[in-house]
Amino acid sequence: MDKILVLDFGGQYNQLIARRVRSENVYAEIVSYKSITVKEITEKGYKGIIFTGGPNSVYKSDSPHFDKEIIDIGIPILGICYGHQLLNYLAGGDITPAKCGSEYGKTPLYCEKNILFENMPLVSDCWMSHTDSVSVLPKGFKCIAHTKKCENAAVYNKEKNLYGVQFHPEVTHTEYGKQILKNFIFGICGCKADWLMSDFINTSIQKYKNELKGKKVLLALSGGVDSSVTAVLLHRAIGNNLTCVFVDHGMLRKNEGDYVEKTLGEKIGINIMRINAQEEFLNKLKGVTEPESKRRIIGKEFINTFEKVSKKLGKMDYLAQGTIYPDVVESGKGDSAVIKSHHNVGGIPSVIAFDGIVEPLRLLFKDEVREVGERLGIPPELVWRQPFPGPGLAVRVIGEITKEKLELLKDADEIFRAEIEKAKLTPSQYFAVILDTKSVGVVGDSRAYGYTVALRSVDTDDFMTADWTRIPFEILEKASRRITNEVTGITRVVYDITSKPPATVEWE
Ligand code: XMP
């Protein structure tokens with residue numbers, strides 16, 4: 001299988017670059033510049049290397065650098081943004097703050113005829129975001145594109161197969177960005193398009209049939225996309241030697257526990273042990289209002305429950321996990337501030353002894369996991385379900401979690417989701433939140449005093465930033481009317497119109 005290395009210098013688009021390459025059916029892996037050497041790169045047989053962008057200036061002493069031998073090993077390189085500046089710097093060029101100041105946004109790009117710009121017009125829009133630029137080209141390099149403000153917007157060294165672009169071909173704002181990446185991976189690197197999900201499934205099933213022959217495997221099933229696809233894939237390979245433990249902590253959406261059990265258990269035939277631990281979780285959460293404490297308690301209680309069950313099951317050889325590629329990727333970035341501790345229910349219980357861990361999806365991006373799920377025959381409503389946080393509705397019940405508030409929330413949330421789906425809207429995530437505040441209402445002729453529900457719906461590509469969804473008023477109105485009519489105990493419905501940042505998607 002042909003492989004492209006995405007050498008990560010801390011750019012915010014590193015995963016996007018790898019996804020773009022993979023969407024051309026060429027395998028790409030992201031490795032931090034800190035954790036690979038030139039020798040390892042040579043040995044691993046990459047067909048091409050992409051240097052990612054990054055927030056630094058190459059001439060600063062603490063900026064990410066790389067062994068300059070990389071440019072002489074004969075593997076084609078495409079440098080993007082910071083990667084372009086670094087490539088030129090390593091080859092002996094000069095990088096300085098851009099003469100005309102920073103350039104940011106959509107800009108016309110004027111290209112010369114070059115293999116990198118095959119099958120696209122010579123003038124098109126590109127997406128720029130830089131402060132520095134290449135002011136003096138290294139020996140052997142030629143300029144092949146410019147913008148009004150940036151004279152060396154793209155450069156190349158024909159003899160060594162080195163290419164650099166100051167703009168971002170991986171973002172959709174660059175009109176022919178996809179074509180430029182295709183020209184690099186196929187035209188310049190000569191890759192074959194042989195990364196296919198159908199092959200991935202067959203190879204994985206065969207591999208686990210051999211490796212796990214006669215072994216017992218345990219999986220913590222959450223009902224989310226990743227653990228469900230892991231379960232079905234492993235079930236195909238080892239059948240009933242796979243046991244899935246599904247801990248129902250009571251903070252799942254309405255009827256979700258039954259749905260998961262029915263779809264994966266009864267229909268697909270996976271061996272599922274459902275543990276109804278609602279009461280235990282609620283007891284542990286009694287009186288707790290602080291969001292991070294809720295998360296910690298749920299994570300801990302989940303592990304306790306899982307441990308108790310696995311003790312009963314006797315010796316299991318392997319633990320399977322639904323880890324996916326973004327969980328695995330190391331980034332060149334420094335540690336970012338912890339806004340929320342996103343520990344997922346399903347962390348490894350360290351006290352249970354296993355001979356090993358099986359992570360069949362660890363090379364796949366989410367969209368690839370979904371494709372695998374569809375090909376394995378998992379129903380689309382499960383494969384395409386919106387993200388759901390590990391701690392579940394616990395982070396959507398503001399203040400203390402009580403049985404009453406949980407039930408009201410489940411009903412309101414079900415109505416809101418149904419109305420969105422009926423209207424055929426497809427926001428990235430949409431749900432209800434129950435507040436800790438009660439307010440006065442009128443029901444018939446009497447006074448009512450009930451809870452307030454906030455509806456939240458966002459559109460986003462990566463959940464790092466998000467915009468609130470412009471849901472048509474009629475749909476909001478219908479959801480509000482249905483919730484206040486059908487859910488006794490809720491007297492007020494509000495719609496959250498805050499983007500992320502400054503808000504987060506979840507309220508807690
Ligand atoms: P925030 O609220 O951080 O959410 O803007 C971004 C995305 O992450 C999900 N989320 C979580 N997922 N455990 C999870 O598995 C958590 O504790 C958690 N908190 C938030 C959230 O639903 C959204 O998709």
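Just follow the structure's listing: the first ligand is 1, and inside any ligand the first atom is 1. Note that these values count all heavy atoms, side chains included, but never hydrogens, waters or copies made by symmetry. Please read all numbers here as calculations on a predicted model, not as lab measurements.
The pair R396-E506 meets the salt-bridge criterion, since a charged nitrogen lies less than 4.0 angstrom from a carboxylate oxygen. Between K405 and D436 there is a salt bridge, with a side-chain nitrogen of the basic residue lying less than 4.0 Å from a carboxylate oxygen of the acidic one.
For ligand 1 and T504, the ligand atoms under 4.0 Å from any heavy atom of the residue are 1 (P), 2 (O), 5 (O). Atoms of ligand 1 found under 4.0 Å from any heavy atom of K500, numbered from 1 in the order shown, are 1 (P), 3 (O), 5 (O), 6 (C).
Contact annotation for P391 and ligand 1: only side-chain heavy atoms (C-beta onward) come within less than 4.0 Å of the ligand.
The N/O atoms of E506, backbone and side chain alike, include one that comes under 3.5 Å of an N/O atom in ligand 1. In terms of polar-atom proximity, defined here as any N/O pair under 3.5 Å, V505 does make such a contact with ligand 1. Ligand 1 has an N or O atom lying under 3.5 Å from an N or O atom of G390, backbone or side chain.
In this structure, R375 fails the cation-pi test against F200, since its NZ or CZ atom is not both closer than 6.0 Å to the six-membered ring centre and inside 45 degrees of the ring normal.
Side chain of T263 to main chain of V260: no donor-acceptor pair is present (N/O by atom type, distance under 3.5 Å, no hydrogens or angles). The backbone N or O of G287 sits less than 3.5 Å from a side-chain atom of E400, completing a donor-acceptor pair.
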